[in-house]
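Next up is a structure, given as structure tokens.
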Amino acid sequence: MPDVRPGTFSPSGDPALQSRPRSGSSEVGAPPRAAPTGLTPPRAPAPGEERNAALSPHLKRLQDESIFIFREVAAEFAKPVLLYSIGKDSSVLLHLAMKAFHPARPPFPLLHIDTTWKFREMIAFRDETARRLGLDLIVHTNQDGVRQGINPFDHGSHYTQVMKTEALKQALAAGGFDAAFGGARRDEERSRAKERVFSFRSAAQEWDPKKQRPELWSLYNGRIRQGESIRVFPLSNWTELDVWQYILAENIPIVPLYYAKPQPVVERDGQLIVVHDERMRLNPGEAPEMRMVRFRSLGCYPLTGAMPSTADTLPAIIAEMLGFRTSERMGRLIDRDETASMERKKREGYF
Amino acid sequence: MVEMSATAILADAPPLLRLPPEAGLLRFLTCGSVDDGKSTLIGRLLYETRALFEDQLTALEHDSRKFGTAGEHIDFALLMDGLEAEREQGITIDVAYRFFATDRRRFIVADTPGHQQYTRNMATGASTADLAVLLIDARKGVVTQTRRHSFIVSLLGIRHVILAVNKMDLIDFDRERFDAIRAEYERFAADLGFASLTAIPLSARFGDNVTRASANTPWYEGPTLLEYLETVTVETDPAAAPFRMPVQWVNRPHLDFRGYAGTVAAGRVRPGDALTVLPSGKTTTLARIVTADGDIAQASAGDAVTLVLAEEIDVSRGDVLAAASAPAPVADQFAAHLVWMSETPLFPGRSYLFKSGTRTVAGSVTAIKHRINVDTHEHLAAKDLHLNDVGVVNLSLASPLAFEPYATNRTLGSFIVIDRSSNETAGAGTIDFALRRGTNLTWQHLDVDRAARSALKEQSPAILWFTGLSGAGKSTIANLVERKLHAMGRHTYVLDGDNVRHGLNRDLGFTEADRVENIRRVAEVAKLFADAGLIVIASFISPYRADRAMARSGLEDGIFLEVFVDTPIEECQRRDPKGLYAKVAAGQISNFTGIDAPYEPPENPEIHLPTVGHTPESLADEVVANLHRRGIVR
């Protein structure tokens with residue numbers, strides 16, 4: 001039996017909980033700020049100010065395209081859900097959802113698939129975000145996998161299959177969700193470059209990349225039969241840099257792990273893995289050392305490589321990005337099994 | 001110091017990262033025949049604009065050794081062909097979207113498949129593009145697929161085309177050959193309505209004239225492909241047209257707020273502007289433009305907003321809010337171009353769903369004016385449209401639609417066709433103009449109406465639509481039901497599948513197109529008889545849900561009752577009252593429902609009659625009892 005427990009957070013009328021935490025007031029707060037570096041200067045909007053005036057035409061166009069997609073799904077589907085994975089893309093996705101339905105709340109809950117191997121900072125940020133925005137949060141863990149002791153050290157890609165893909169399918173089926181929003185972008189990976197905005201899933205939640213529905217203009221076909229569903233990707237046309245520039249322009253809170261700080265790490269297969277808790281298994285000869293690191297992409301801690309960095313502000317992160325020579329998913333060990341890895345996982349139901 | 005390193009890095013960064021967010025965006029597609037080098041060209045553009053990361057290049061080198069067809073060189077096609085099946089077969093199946101930028105512009109490029117089989121995926125990529133790069137293999141010149149893609153590019157309203165004459169290295173950069181190809185293409189494209197057509201000789205594989213002017217083509221003085229992409233002007237200003245906004249979602253968080261969320265499709269609007277709600281035609285005034293960042297003073301084309309109206313009037317999803325001074329036209333009959341995208345052909349008369357803007361309505365193609373030979377632009381007579389056919393058709397929708405011709409506005413002039421049974425996107429079309437049948441063909445109001453006619457008969461009219469396999473028992477039960485109703489003094493008429501083919505439908509055969517027309521005519525007759533106050537009993541195999549939905553469409557609830565005579569195929573074969581199953585088994589009949597043609601059982605029939613273990617008499621009684629419960633007979 002899938003174990004889906006309803007969110008502990010209900011919409012709250014307390015304005016104190018809904019206002020954004022002040023900059024630097026807590027670990028989970030608005031991003032720290034620094035002086036401009038010649039890039040888009042950071043600016044905090046004054047209350048009542050027309051903030052869109054500050055948004056570049058390019059980001060405005062991306063934002064409005066995403067809002068259109070959110071509204072189309074809300075109008076055509078009985079039970080949507082937003083797959084909230086806590087990372088920067090999810091932060092942008094959620095921000096866009098809040099905008100799309102303002103002044104109403106988004107007419108769908110958040111769903112987090114908790115593999116039990118996420119960083120503590122991610123879980124704290126998740127709970128704080130749901131509380132701050134007054135949204136329902138569903139957290140689901142594949143209890144079968146937990147009972148079998150499936151873990152990222154012993155089980156490799158089987159771990160991803162059980163604790164992420166299967167868990168997701170369980171939660172979507174248990175909730176009866178007919179549309180699930182995800183933060184995937186076409187620039188991330190080449191099988192994603194092929195995916196539609198409305199991506200059809202069979203009753204078994206599988207993707208058939210060879211039989212995608214034609215998708216012309218912005219006329220999305222939302223017709224499905226009982227049991228079938230769609231995955232929706234409002235950020236399809238965003239790039240990694242767009243995401244960061246939008247976070248900066250809109251002052252969107254992100255998990256503090258994106259900012260550089262000293263962490264105990266070991267180097268493994270060319271990746272810096274943070275020794276996050278006592279469950280981390282050290283190989284013979286490995287000794288954690290403190291290094292200044294941050295994350296470009298967030299996942300399960302034993303599978304997510306950190307990068308050496310001193311960038312502890314958004315402008316510094318963006319400045320650092322300009323020098324990147326490797327893609328964002330380079331730090332995600334699950335993508336490395338084989339060339340067609342992502343496509344296979346997606347066909348099986350991975351996001 | 002972060003600031004220092006940022007500045008240092010900035011100078012060395014790939015353009016996609018370095019470009020300020022203010023830079024404009026050009027969306028284009030590459031198209032053309034298989035093996036003309038589309039994917040190679042985009043791979044080259046990404047590589048030379050440094051839009052590729054090191055790990056992506058490493059993977060590409062690895063793949064080039066494994067699957068590549070470029071010998072020692074990197075096979076850029078492998079970068080674009082993101083699906084396993086594509087890499088294994090060495091073909092592009094579906095459109096891929098990639099991102100790159102230069103110092104002047106950012107680009108989204110759609111790499112589309114060349115195979116005719118995947119034309120619908122090419123159309124998907126073309127529908128959101130401002131410009132097309134049409135590749136031609138210099139050795140082969142203009143081929144069928146060049147012409148097909150050009151036609152679809154033109155149909156979807158793309159007005160700027162680059163003719164990229166590729167593989168010039170394989171013809172020794174022969175100028176005469178290049179000029180001949182250009183001249184041939186210009187002749188062909190003369191009537192396609194392109195605003196600009198620029199031919200560039202290049203070699204995607206070696207980079208000639210892609211981003212750098214080639215020493216191999218001293219006779220060519222035009223821009224490189226990239227220079228041209230950076231500078232071409234494709235902008236139109238949709239904000240200059242009268243205001244239009246399809247309503248997407250009604251925002252009603254509490255009793256004190258009611259807003260209409262949507263994206264402005266054309267023009268601009270300010271609070272205080274007079275608006276017309278279409279198709280109802282009611283007028284109102286705009287009170288507020290709400291966004292999450294506060295109210296704004298003006299919204300223009302492309303803005304996603306929520307509009308609050310001054311007066312409480314009825315507005316729902318699918319309506320269009322338009323400038324009261326220049327409202328959009330409203331119609332339910334259209335002439336349109338249609339690209340068919342389904343393996344199942346389009347038949348006139350069959351019911352489909354049409355989605356345009358935010359409105360989805362039932363409707364059908366009433367006539368195929370002609371099919372277009374995309375190679376020669378000839379007009380051909382057609383009874384149906386098959387996968388990848390392009391036709392000019394007349395559409396009839398069940399309810400009116402606010403629209404603009406596609407040439408005026410893409411959002412209000414485009415539509416997709418959805419198969420009611422499979423839900424697939426079966427076609428895509430562009431509205432040319434409304435058919436103004438309404439001006440010379442109006443509905444004549446008659447004083448004696450259905451209520452009056454049926455009151456005289458002391459009954460409620462109904463259509464009992466018996467569906468089921470051949471030999472299921474439809475006609476037997478229908479006959480008994482009519483006898484019972486007749487005995488009760490009710491006024492009835494039976495429309496029988498075999499009987500109507502002796503008269504009304506004797507010109508129709510058993511092709512799928514004719515079967516659709518057969519059902520359409522019977523459904524219309526049934527509606528007339530019901531309008532006359534009769535209880536109509538129609539007994540037809542009617543295997544397709546879409547056709548039964550068509551028969552039901554336009555009737556008020558409670559009149560059309562679907563009666564599913566549910567007999568397993570084995571039992572029908574055993575009964576075989578007309579000896580037809582024996583003929584099928586002997587190979588004398590094909591396309592027989594339930595054997596080699598599909599039967600789609602009703603999903604929610606009003607009356608469900610499993611026949612096994614029941615007599616026709618008891619089943620007929622069950623139908624009559626059901627009519628009693630519904631108040632149709634008293």
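In what follows, every chain begins at residue 1, and chains take the letters A, B, ... in the order their sequences are listed.
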### Which atoms of B:F257 approach chain A - backbone, side chain, both or neither, heavy atom under 4.5 Å
side chain
Distance-only donor-acceptor hits, side chain of residues 65-76 of chain A, under 3.5 Å, sequence neighbours excluded:
unit_1	atom_1	unit_2	atom_2	d
A:E65	OE1	A:N237	ND2	3.1
A:E65	OE2	A:N237	ND2	3.3
A:S66	OG	A:L62	O	3.0
A:S66	OG	A:P234	O	2.8
A:S66	OG	A:W238	NE1	3.0
A:R71	NE	A:A100	O	2.9
A:R71	NH1	B:G262	O	3.2
A:R71	NH1	B:V305	O	3.1
A:R71	NH2	A:A100	O	3.2
A:R71	NH2	B:V305	O	3.4
A:R71	NH2	B:T306	OG1	3.3
A:E72	OE1	B:Q248	NE2	2.7
A:E72	OE1	B:R317	NH1	3.3
A:E72	OE2	B:R317	NH2	2.8
A:E72	OE2	B:K355	NZ	2.8
A:E76	OE2	B:R317	NH2	2.8
A:E76	OE2	B:K355	NZ	3.1

## Note on the structure
So, the part of B:T360 with a heavy atom under 4.5 Å from chain A: the answer is side chain
### Query
Does the side chain of A:S309 pick up a donor-acceptor pair with the side chain of A:E320 at under 3.5 Å?
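Yes - a donor-acceptor pair under 3.5 Å links their side chains.
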### Message
Testing A:R190, A:R185, A:R186, A:R201 one by one against A:E195 for a salt bridge (Lys or Arg N to Asp or Glu O under 4.0 Å), which residue passes?
### Response
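The passing option is A:R201.
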### Task
Let me know if A:R225 has heavy atoms under 4.5 Å from chain B in its side chain, its backbone, both or neither.
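It is both, since atoms from each part get that close.
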### Query
Where on B:V95 is there a heavy atom nearer than 4.5 Å to chain A: the side chain, the backbone, both, or neither?
both
### Pick from A:R196, A:K210, A:K211 with the largest number of heavy-atom pairs that fall under 4.5 Å of chain B
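Highest number of pairs under 4.5 Å: A:R196.
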### Message
What I want to find out is whether B:E424 reaches A:R223 closely enough, with some N-O distance under 4.0 Å, to be called a salt bridge.
### Response
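Looking at B:E424 and A:R223, the cut-off is not met.
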### Region of A:S218 in contact with chain B, defined by heavy-atom distances below 4.5 Å
neither
### Message
Which atoms of B:R359 are under 4.5 Å from chain A, going by heavy atoms: the side chain, the backbone, both sets, or neither?
### Response
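For B:R359, there is no contact with chain A at all, as no heavy atom is under 4.5 Å.
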### Query
Based on non-hydrogen pairs under 4.5 Å, which of B:I108, B:L57, B:D303, B:T411 is most in contact with chain A?
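Between B:I108, B:L57, B:D303, B:T411, the count favours B:D303.
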### Message
Between B:D111 (side chain only) and B:I42 (backbone N and O only), is there a donor and an acceptor less than 3.5 Å apart?
### Response
no
### Message
Taking the basic N atoms (NZ, or NE/NH1/NH2) and the acidic carboxylate oxygens, is any pair closer than 4.0 Å for A:K194 and B:D94?
### Response
no
